[in-house]
Amino acid sequence: MSAACRNGAARSCARIGGLGSATSHPAASCRRWQARRASPREAGVARGRCAAVLKGNPVGSPSLSLDLDKVRDALIRMEDSIIFAIIERSQFLRNDKVYEPGAIPVPGYNLKTGDQQSMVEYILRQTEQMHGMIRRYTSPDEHAFFPEDLPSLVLPPIEYPSLLHPHAEGININDQVRALYFEELLPRICEEGDDGNYGSSALCDITLLQALSKRIHYGKYVAESKYKASPDTYDPLIRAKDEAGIMNLLTVESVERRVVRRVRNKACVFGQDIQDVMGTISLAQEDIEQAESKVEPEKVAKLYNDWIMPLNKQVQLEYLLHRLD
Ligand SMILES: C=C(O[C@@H]1C=C(C(=O)O)C=C[C@H]1O)C(=O)O
């Protein structure tokens, strides 16, 4: 997808009022917590509390590996989180007010535009403040939606093993992730209407946005593992900036077909009550297929096919294009 298209997606996101009133700047994510300008008081707090630097591959990031099978296993685990989160959000109606700036009074204004914030933007910003303080966005597999506003750490920083090319730090396509979410995903998984469950809906949105972001940016690890496996095949294409050639090489259609099939099956299984009224549990394929699911499995499969996998590949492409810089 071109830069113009990306900006278009971000602009149309602003139009629907989801989170578009604040744009994230990819370059801003590079420096993460270290470079954020802190007030003298904050800096003092940060210095006082973050004197030590922890080393190692911390628990909770076991997925920071470059073995392609392990990387693919990590993607499979992320599927579970995404599908569950879709099912959770789909129990509520669309609740458009959550996404309209000013429709629900929340504290604060967007600092850049002076606009009022939507409720979902407010909660996402506040969530990132909390998670940012406890190091979430220092992990190379996490990407903030508002990287320019990250707070100082209150815990000692962790030094992560550097598995990726340094260029990876500057890749953050969360503008597109939120455009995908608000424009494509939400209207497909929720019925129109207002049931007043604004807080619950927004919390589901945030869980889902974060899970999608992680899955999509995991393309950095996929790309590096593919590159390491055959650098000689990638190098000429990278030098020639041959985007179509690189995309062709990193695409594995058989794996994509398997992902879509598995996602459809998982949506089927996760979305049903496995006990009937008699308390009988059946995991027989035909019973699973006939059972009514809380979310249409075909819709989830299509979202994966049309949006989630293409964005993951876009991250892979952006990463590989600068792999030799
Ligand atoms: C992630 C991979 O790269 C590509 C993207 C895929 C995805 O997002 O699931 C699947 C297959 C590949 O075309 C992979 O090869 O596993």
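Starting from 1, each residue takes its place in the sequence as its number. As the structure lists them, so they are numbered: ligands from 1, and atoms in each ligand from 1.
- Taking atom 4 (C) of ligand 1 as the reference point, the nearest protein heavy-atom neighbour is Q316 NE2, 3.5 Å.
- Closest protein heavy atom to atom 8 (O) of ligand 1: R215 NH1, 2.8 Å.
- Here the heavy atom of the protein found nearest to atom 11 (C) of ligand 1 is E256 CG, 3.3 Å.
- Contact annotation for R72 and ligand 1: only side-chain heavy atoms (C-beta onward) come within less than 4.0 Å of the ligand.
- Protein heavy atom at the shortest distance from atom 12 (C) of ligand 1 is V252 N, 3.5 Å.
- Using a 4.0 Å heavy-atom cutoff, K226 is listed among the residues neighbouring ligand 1.
- Within a 6.0 Å radius of CD in E296, other residues, nucleotides and ligands contribute 12 heavy atoms or fewer.
- For ligand 1, the atoms lying closer than 4.0 Å to a non-hydrogen atom of V259 are 9 (O).
- Proximity to T251 (heavy-atom distance under 4.0 Å) selects the following atoms of ligand 1: 13 (O).
- Within ligand 1, counting atoms from 1 as listed, the ones closer than 4.0 Å to a heavy atom of N312 are 1 (C), 5 (C), 8 (O).
- With a heavy-atom cut-off of 4.0 Å, L75 touches ligand 1 through its side chain alone.
- The shortest N or O to N or O distance between E253 and ligand 1 is not under 3.5 Å.
- Salt bridge absent: E128 and R136 never bring a charged side-chain N and a carboxylate O closer than 4.0 Å.
- The two residues I76 and K266 make their nearest non-hydrogen contact at O-NZ, 3.2 Å.
- Of all heavy-atom pairs between H217 and I173, the closest is NE2-N, 2.8 Å.
- Ring geometry for F270 against F84 counts as parallel: the plane angle stays under 30°, on a 0 to 90° scale with 60° as the upper cut.
- When the shell of 6.0 Å around NZ of K299 is examined, it contains more than 12 heavy atoms from other residues, nucleotides or ligands.
- Here R125 pairs with E121 in a salt bridge; the nearest charged N to carboxylate O distance falls below 4.0 Å.
- An N or O contact shorter than 3.5 Å is missing between V255 and ligand 1 by distance.
- Residues V106 and S118 come closest through the heavy atom pair CG2-O, 4.1 Å.
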